[in-house]
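One structure below.
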Amino acid sequence: MDTHLDLDQFIAAVELLRHPELRGIPVVVGGSGDPTQPRTVAATATYEAREHGIHSGMPLRTALRRCPEAVFLPSDPPAYEAASERVMAVLREFPIAVEVWGWDEAFLGATTDNPEALAADLQHAVRARTHLDCSIGIGDNKHQAKLASAFAKPAGIHRLTSDNWAETMNERPTDALWGIGARISKKLAALGLHTVAQLATADPADLARHFGPTNGPWYRYLALGKGEAEVVTTPWIARGHSRETTFQHDLTDRADLAYHVTTLAEQVTQDAREAGREITRVTVKVRTTPFLTRTRQSTLPAPTTDPATITRTALTILDRHDLTRPVRLLGVAVDYTMPDQ
DNA sequence: TCTGGGGTCCTAGGACCC
DNA sequence: TCTGGGGTCCTAGGACCC
């Protein structure tokens with residue numbers, strides 16, 4: 001039996017623990033906390049802020065317009081990281097497998113006759129030790145458990161297994177599945193596949209023709225409620241790493257672009273060194289007005305952690321971009337060598 | 001609603017080689 | 001030279017997720 005644990009309103013909850021006086025009023029977290037700053041979006045919004053139509057991903061300036069009396073707090077990733085680690089430590093004290101999935105989620109593998117009782121124990125322990133609420137989903141695999149935890153919100157427990165999959169999911173739109181978003185859902189709808197039930201009975205060869213040999217059949221697999229069941233506890237080895245910056249005002253001067261690419265390349269190389277990883281490929285991302293994103297990349301002749309090599313490569317790649325339009329974002333990404341290669 | 005930052009995986013097409 | 005077929009690597013972009 002797999003379970004998925006999802007902390008409720010994680011970032012907002014951590015902030016409200018630090019600022020109890022803000023309970024009950026609209027709070028928006030994001031950027032440096034200055035809602036007049038352009039090109040900054042909300043990381044999260046409290047329930048009270050949501051009632052004003054504010055949601056995560058919304059530009060802070062829009063949020064401010066919708067709710068001028070809202071309190072805006074800066075995003076504080078180290079604080080969320082620390083809170084997350086406290087929660088994961090509580091989970092690891094249980095005789096269960098823990099697969100950390102971002103800051104505020106974890107998959108848990110357990111052998112038990114009574115998963116609801118285990119889930120309640122976990123909720124009580126997390127609440128007692130961290131003052132944070134979580135929702136827990138129970139399923140036959142991680143996909144089912146993940147969807148179940150959403151049904152469990154707030155602070156509840158829900159079971160979604162193959163026994164009640166069809167009755168729960170069949171009439172829902174395809175983007176209710178974990179792994180199908182708005183784009184694929186729209187393409188599926190254009191093929192007459194609107195619901196999970198319709199996708200589940202679609203022809204796999206048909207899907208493969210439209211979505212590729214891996215993705216097509218996989219979508220049908222998701223619609224049948226199937227998915228990976230193994231909870232992996234071994235630490236994740238990152239495939240790569242990146243840093244990017246959106247500028248509050250567009251850049252047009254090539255010297256400015258070169259300066260920022262150099263800084264990003266140096267940061268990324270330093271990150272790689274600290275992680276003890278070697279770089280095999282460099283990608284430079286450029287987003288111009290009107291929100292057009294392009295990437296250029298180059299594979300290195302040999303893996304390296306030499307800052308000069310990475311910087312030089314990044315600058316050469318930058319010159320392969322069309323830089324005739326104002327630039328709003330620059331990014332440098334690298335791929336790492338993987339062990340056993 | 002003028003639209004963040006950091007990831008992962010898949011696909012299609014071209015280059016190149018045998 | 002009118003040109004087969006397969007394998008592999010590389011690049012650029014798309015889609016999804018937290």
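Order of the sequence lines sets the chain letters (A, B, ...), proteins ahead of strands, with each chain counted from 1.
A/Gly240 comes within 4.0 angstrom of sugar-phosphate atoms only, judged by non-hydrogen atoms across all strands, and of no base. At the heavy-atom level, A/Lys186 lies nowhere under 4.0 Å from the strands shown. Looking at heavy-atom distances under 4.0 Å, A/Thr245 makes contact with sugar-phosphate atoms alone, never a base. Among the heavy atoms of the strands, none lies under 4.0 Å from A/Ser75. Heavy atoms of A/Arg61 sit nowhere under 4.0 angstrom from any nucleic acid atom. Across all strands, A/His55 comes closer than 4.0 Å to base atoms (heavy-atom distances). Using a 4.0 Å heavy-atom distance criterion, A/Ala182 is classed as a sugar-phosphate-only contact. A/Ala238 comes within contact range of the sugar-phosphate backbone alone, with a heavy-atom separation under 4.0 Å but no base atom that close. A/Pro38 comes within 4.0 angstrom of no nucleic acid atom, judged by non-hydrogen atoms across all strands.
Atom-to-atom, CZ of A/Phe211 to P of C/dG14 comes out at 16 Å; the value is rounded to the nearest Å. In this structure, A/Trp103 places its CH2 atom 19 Å from P of C/dC17, rounding to the nearest Å. Spacing between atom CE of A/Met88 and atom C1' of C/dC18 amounts to 12 Å, rounded to whole angstrom units. Protein atom NE2 of A/His210 is 17 Å distant from nucleotide atom C1' of C/dA15, rounded to whole Å. Between A/Glu81 atom CD and B/dG5 atom P there is a gap of 19 Å when expressed in whole angstrom units. Here the C1' atom of nucleotide B/dG4 and the CZ atom of A/Arg328 are 9 Å apart, to the nearest Å. For the pair A/Leu188 CG and C/dC16 C1', the computed distance is 14 Å after rounding to whole Å. Spacing between atom CD of A/Gln297 and atom C1' of B/dT11 amounts to 13 Å, rounded to whole angstrom units.
OP1 or OP2 of B/dT11 lies within a sub-4.0 Å distance of a side-chain N or O belonging to A/Thr214. Between A/Thr40 and B/dG4 there is no side-chain N or O to OP1 or OP2 distance below 4.0 Å. A sub-4.0 Å separation between OP1 or OP2 of C/dA12 and a side-chain N or O of A/Arg296 is present. Put simply, A/Arg65 has a side-chain N or O that comes within less than 4.0 Å of OP1 or OP2 on B/dC2. Phosphate contact (OP1/OP2 of B/dT8, side-chain N/O of A/Trp236, threshold under 4.0 Å): present. Look at A/Lys187 and you won't find any side-chain N or O under 4.0 angstrom from OP1 or OP2 of C/dA15. Within the 4.0 Å cut-off from OP1 or OP2 of B/dG6, not a single side-chain nitrogen or oxygen of A/His241 is found. OP1 and OP2 of B/dT3 both lie 4.0 Å or more from every side-chain N or O belonging to A/Thr246. Distances shown here put every side-chain N or O of A/Arg281 at or beyond 4.0 Å from the OP1 or OP2 atom of C/dC9. Considering only side-chain N and O atoms, A/Thr299 lies under 4.0 angstrom from the phosphate OP1 or OP2 of C/dT11.
Between C/dG4 and B/dC17, the two C1' atoms lie 14 Å apart (nearest whole Å).
Figure legend: A/Arg209 and A/Phe211 shown without cation-pi pairing, the cationic atom not lying both under 6.0 angstrom from the six-membered ring centre and within 45 degrees of its axis.
Annotation: A/Trp218 is not in aromatic contact with A/Trp178 [ring centroid separation under 6.0 Å not met].
Both distances falling under 3.5 Å, in either a Watson-Crick or a G-U wobble arrangement, place C/dC18 opposite B/dG5.
Of the candidate nucleotides C/dA15, C/dC17, B/dT3, C/dC17 has the atom nearest to the side chain of A/Trp178. With B/dC2, B/dG6, B/dT8 as the choices, the nucleotide that has an atom nearest any side-chain atom of A/Glu244 turns out to be B/dG6. Listed nucleotides C/dC18, B/dT3, C/dG13 differ in distance to A/Arg39; the shortest reach to its side chain belongs to B/dT3. Among the nucleotides B/dG6, B/dC2, C/dC10, the one closest to the side chain of A/Arg243 is B/dG6. Closest to the side chain of A/Asn215, out of B/dC10, C/dC16, B/dG4, is B/dC10. The side chain of A/Leu329 lies closest to B/dG5, out of B/dG5, B/dC9, C/dA15. Of the candidate nucleotides B/dT3, C/dA12, B/dC2, C/dA12 has the atom lying nearest to any side-chain atom of A/Arg320. Comparing B/dG4, C/dG13, C/dA15 against the side chain of A/Ile184 picks out C/dA15 as the nearest.
Proximity of A/Leu108 to A/Leu122: side-chain heavy atoms (C-beta onward) are separated by under 4.5 Å at one or more points.
With hydrogens and angles disregarded, no donor-acceptor distance shorter than 3.5 Å links the side chain of A/Arg239 to the backbone of A/Met338.
For A/Gly212 and A/Ser242, each mapped to the nucleotide of DNA chain B holding its nearest heavy atom, the one lying further toward the 5' end belongs to A/Ser242.
Inspection of the A/Ser32 and A/Gln37 side chains reveals an N or O donor paired with an N or O acceptor under 3.5 Å.
Comment: A/Lys153 does not engage A/Asp133 in a salt bridge, judged by the lack of any side-chain N to carboxylate O separation of less than 4.0 angstrom.
Around CZ of A/Arg320, the count of heavy atoms belonging to other residues, nucleotides or ligands within 6.0 Å exceeds 12.
Only one option out of A/Asp335, A/Val334, A/Thr313 pairs with A/Arg281 in a side chain to side chain contact (heavy atoms under 4.5 Å, CB included); it is A/Asp335.
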